[in-house]
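Worksheet for the structure shown next.
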Protein chains: 2
Amino acid sequence: MTTRGRGLHGHVLESLGPAITAGDYPPGSVLRTDELAQRFEVSRSVMREAVRVLESMYLVESRRRVGVTVRPKSEWNVYDPQVIRWRLAGADRPHQLRSLTVLRSAIEPVAAGLAARHATAEQCAELTECALGMVSTSRGQQLEAYLVHDVAFHRVILNASGNEMFARLGDVVAEVLSGRTHHDVMFEDPDPAAVTLHVKVAAAVREGDAPRAERLTREITVGALQELDVLAP
Amino acid sequence: MTTRGRGLHGHVLESLGPAITAGDYPPGSVLRTDELAQRFEVSRSVMREAVRVLESMYLVESRRRVGVTVRPKSEWNVYDPQVIRWRLAGADRPHQLRSLTVLRSAIEPVAAGLAARHATAEQCAELTECALGMVSTSRGQQLEAYLVHDVAFHRVILNASGNEMFARLGDVVAEVLSGRTHHDVMFEDPDPAAVTLHVKVAAAVREGDAPRAERLTREITVGALQELDVLAP
DNA sequence: CACGAACAAAAAGTCAGACTTATATGTCAC
DNA sequence: GTGACATATAAGTCTGACTTTTTGTTCGTG
């Protein structure tokens, strides 16, 4: 999850990708593979591989006799984990964080409802454990430990929903929660009300009470949105 | 949106991608680029580009001295439009369609609520036009024309939500709706109740009534889920 | 027999150069 | 201005040689 610079082409991507998503090359900009290859001091074949990957992310389009043109932002595959990471690391981080939090607010309540119906005994146990972990680390400036349990909690919910599309958002949620703790100001201990809500969600899932699990999770996500409004109105 | 076989590497992808997502190569299977290059009668450089793209979709992992190994299904980037198309064309189409419909049921109501708040006058007009189009084509076996308006309607909602993550799901919704009309049995005209709901949603968005827009859209998606239960229980 | 170090083989990774192909654009006749 | 045609350009493709990493084996030593 740290550096993904596997191979030369990966290294190039790690440099070009953030530059494009940051808007250094506005939509319509034209790059040439030969020039890029020289700039990054790699062979054309390596550069071509990097361009192919950017193309599969819908960040650029490669056309004969024209070059590699940057596509408009609206066409980017914003669900690509790599793209998400690049954008979160860039300048429009706040905007990106809001988009993702809104996405969470739509997905997670539904996922919790499904989890209440489909969760296995093992998943219920895991969930309870996470909730307890959150409680025990919710006071005394143990933000890092709290974050671990918080991320784990939401991951279990998403996985237990039984929907692969939901499950795949675990990484996104992890990024958002992690960002809140690390980047944004978070001097104080987490909101006790939020902690209680997590405990209640775990209980609702355990008891198979789908509507209640959904409603409680919606309260959590509403809280997350409000928190965002306070920080960046 | 039809054939994306741009260039040789694209052609290879169009063949290898569906094979992998269909499960022809079970997770852990090992492929070798040289062998693949021979099989598809392309040069190694072209095959390498194809592998890089598959790698960026988290479908495979390329490691030295071992080869190109197929990753487990749970790690695939199921939000990649290409991957979605491949899987919808494959054997587990019903399962995939259900996953996507559940996703819709989570996203679209929230998107409609946001649209009611953020939609521009132009978007409202477009939405009304779509709804009227749906009404006028809802009877008399004009399924194709109806589909066009239906897709347009949902696209406008997603775009008007102002959330880029939602907006990017327009293609997914289009695939799902299109699949329902084309692949699954759809002899009869669309459900009149559904048509009415769309008209009401358009009105709610126009009036800026977010809760109503959300609730009505939820009714639509619930209907879609029920429809799915009837077809594939 | 267990354990570790040295070694060899295998496959991806990298590079350089020559060639092909599509295509945007400019030119010229009409 | 419009059409056909020529040309330059940059991506696309192929090939062959070389490098690097990693795995599994072999062999020596405790």
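Reminder, nothing fancy here: chain letters follow the sequence lines and each chain counts from 1. Computation of the quantities below employed the complete heavy-atom set of this structure, encompassing side-chain atoms and omitting hydrogens, waters and symmetry-equivalent molecules.
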Nearest-Å distance for atom pair CG/C1', residues B/D34 and D/dT15:
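Interatomic distance, CG of B/D34 to C1' of D/dT15: 13 Å.
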
Could you state the CZ-P distance from B/R32 to D/dT22, rounded to the nearest angstrom?
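Checked: the CZ to P distance equals 20 Å.
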
Between B/E14 and B/W86, is any side-chain donor less than 3.5 angstrom from a side-chain acceptor?
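Yes, because at least one side-chain N or O of B/E14 sits under 3.5 Å from a partner of the opposite role on B/W86.
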
Donor on one side chain, acceptor on other, B/H182 and B/E144, under 3.5 Å
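There is such a pair (donor and acceptor under 3.5 Å, judged by atom type) between the side chains of B/H182 and B/E144.
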
Report yes if at least one side-chain N or O of B/R6 is closer than 4.0 Å to OP1 or OP2 of D/dA11; otherwise report no.
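It does not, given that no N or O in the side chain of B/R6 lies less than 4.0 Å from OP1 or OP2 of D/dA11.
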
Among D/dT13, D/dA11, D/dT9, the one nearest A/R65 by side-chain distance:
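Shortest atom-to-atom distance from the side chain points to D/dT9.
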
Could you tell me which non-hydrogen atom of A/V70 sits nearest to which non-hydrogen atom of A/P26, and how far apart they are?
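Nearest heavy atoms, A/V70 then A/P26: CB-O, 3.9 Å.
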
Distance-minimising heavy-atom pair for A/H118 and A/A160:
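In terms of heavy atoms, the two residues are closest at CB-O, 3.7 Å.
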
First and last nucleotide of DNA chain C, 5' to 3', lying under 4.0 Å from heavy atoms of chain B
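The protein-touched segment is C/dA9 to C/dT14.
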
Could you check whether the side chain of B/R64 and the base of D/dT20 have a donor-acceptor pair of N or O atoms closer than 3.5 Å, going by distance alone?
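For B/R64, whose side chain was compared with the base of D/dT20, there is a donor-acceptor pair (under 3.5 Å).
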
Is there side-chain contact between A/R48 and B/R48, with at least one heavy-atom pair below 4.5 Å?
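No. Closest side-chain heavy atoms not under 4.5 Å.
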
Side chains of A/H9 and A/M47 in contact at under 4.5 Å (non-hydrogen atoms):
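A/H9 does not reach A/M47 side chain to side chain.
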
Just say parallel, tilted or perpendicular for the rings of A/H154 and A/H198, cut-offs at 30° and 60°.
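Answer is perpendicular, since the angle exceeds 60°.
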
Nearest 0.5 Å, what's the CG-CG distance between A/L36 and A/L54?
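So the CG of A/L36 and the CG of A/L54 are separated by 9.5 Å.
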
If you take any heavy atom closer than 4.0 Å to DNA chain C, which residues from residues 43-52 of chain B end up in contact?
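Close to the strand are B/R48, B/R52.
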
